[in-house]
Amino acid sequence: MRRLPLVLVLLLLTPLAFAQVYKWTDTGGTVHYSETPPATGTNYKKIQTTGSADPIAMPAPAAHNAGNPSEASAKPSTPNPVADTPENRTTLCASLKANLATLQGSAPVVMQQGGKNVALDDSQRKVQTATAQAQYEQYCQNP
């Protein structure tokens, strides 16, 4: 009697082990996976799942650091520079002014560090205030 529920559960799970997955790339270059086929006219591939999962592979090192993988992980990626246009400078100055007002206020300040929200203590707050003030003087007070 105990085997009957087990057999029924296994029979119900069997289709999940052999599910059909569709893979396609949109015009923006983003790869999509779905259980349903994409819109008509879209090139796609059918991928048959086996029910097992492969371990996640580490990303390949960048081409310029291919000879030394430790060098690739030691250098953080730097963001692309933003063009120095009047619109961008106005946005930056408004952001710096708002940051300074928040840092100089009496309310607690919380920042994201390493993906976690961390409340700033007095010494960290002074460092952030000095940095924001220096950036404001550099970018916003000199026309």
Side-chain angles (χ1 to χ4, degrees), residues 2 5-143:
R2 289 183 174 180
L6 177 63
V7 170
L8 289 175
V9 168
L10 290 176
L11 286 174
L12 290 174
L13 293 177
T14 302
L16 297 176
F18 299 101
Q20 182 66 53
V21 177
Y22 298 90
K23 175 184 176 183
W24 72 94
T25 305
D26 65 14
T27 56
T30 304
V31 178
H32 298 272
Y33 294 92
S34 175
E35 294 177 354
T36 58
T40 35
T42 305
N43 292 330
Y44 64 90
K45 293 181 184 177
K46 289 183 181 180
I47 300 173
Q48 188 67 36
T49 60
T50 62
S52 64
D54 294 331
I56 297 174
M58 294 296 293
H64 64 282
N65 290 331
N68 189 356
S70 64
E71 193 174 310
S73 62
K75 293 183 181 178
S77 62
T78 55
N80 292 335
V82 177
D84 189 10
T85 62
E87 297 84 19
N88 289 342
R89 194 167 283 243
T90 302
T91 304
L92 173 67
C93 291
S95 176
L96 286 170
K97 195 172 190 178
N99 290 347
L100 278 170
T102 302
L103 288 165
Q104 292 169 346
S106 60
V109 177
V110 178
M111 291 183 63
Q112 276 198 345
Q113 295 177 347
K116 296 180 181 178
N117 290 336
V118 178
L120 298 182
D121 61 20
D122 288 336
S123 63
Q124 292 170 326
R125 194 174 190 145
K126 287 179 183 177
V127 169
Q128 291 295 328
T129 303
T131 302
Q133 185 65 43
Q135 290 174 346
Y136 186 81
E137 290 171 3
Q138 179 181 358
Y139 296 111
C140 304
Q141 293 183 344
N142 297 332

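Under the side chain to side chain donor-acceptor pair (under 3.5 Å) criterion, Asn43 pairs with no residue, sequence neighbours left out. Residues passing the side chain to side chain contact (heavy atoms under 4.5 Å, CB included) test with Thr30 are Asp26, His32, sequence neighbours excluded. In this view, Asp121 and Ser123, Gln124 satisfy the side chain to side chain contact (heavy atoms under 4.5 Å, CB included) rule, not counting sequence neighbours. Qualifying side chain to side chain donor-acceptor pair (under 3.5 Å) partners for Thr36, counting only residues two or more places apart in sequence or in other chains: Ser34.
We find the OH-CG distance between Tyr136 and Leu92 to be 10.5 Å, quoted to the nearest 0.5 Å. With rounding to the nearest 0.5 Å, the separation of CD in Gln135 from CD in Gln133 is 10.5 Å.
Proximity of Val118 to Met111: side-chain heavy atoms (C-beta onward) are nowhere separated by under 4.5 Å. Within the 4.5 Å cutoff, the side chain of Val110 has no heavy atoms near those of the Leu120 side chain. Within the 4.5 Å cutoff, the side chain of Lys45 has no heavy atoms near those of the Tyr22 side chain.
Of all heavy-atom pairs spanning Leu96 and Ala132, the tightest one is CD2-O, 4.2 Å.
Arg89 places a side-chain N or O within 3.5 Å of a backbone atom of Tyr139 that can act as its donor or acceptor partner. At distances below 3.5 Å, at least one donor-acceptor pair connects side-chain atoms of Asn88 with backbone N or O atoms of Ala83.
The disulfide bond (SG atoms under 2.5 Å apart) analysis of residues 81-130, with sequence neighbours excluded, yields the pairs Cys93-Cys140. A side-chain hydrogen bond (donor to acceptor under 3.5 Å, both in side chains) check over residues 93-108, counting only residues at least two apart or in different chains, returns nothing.
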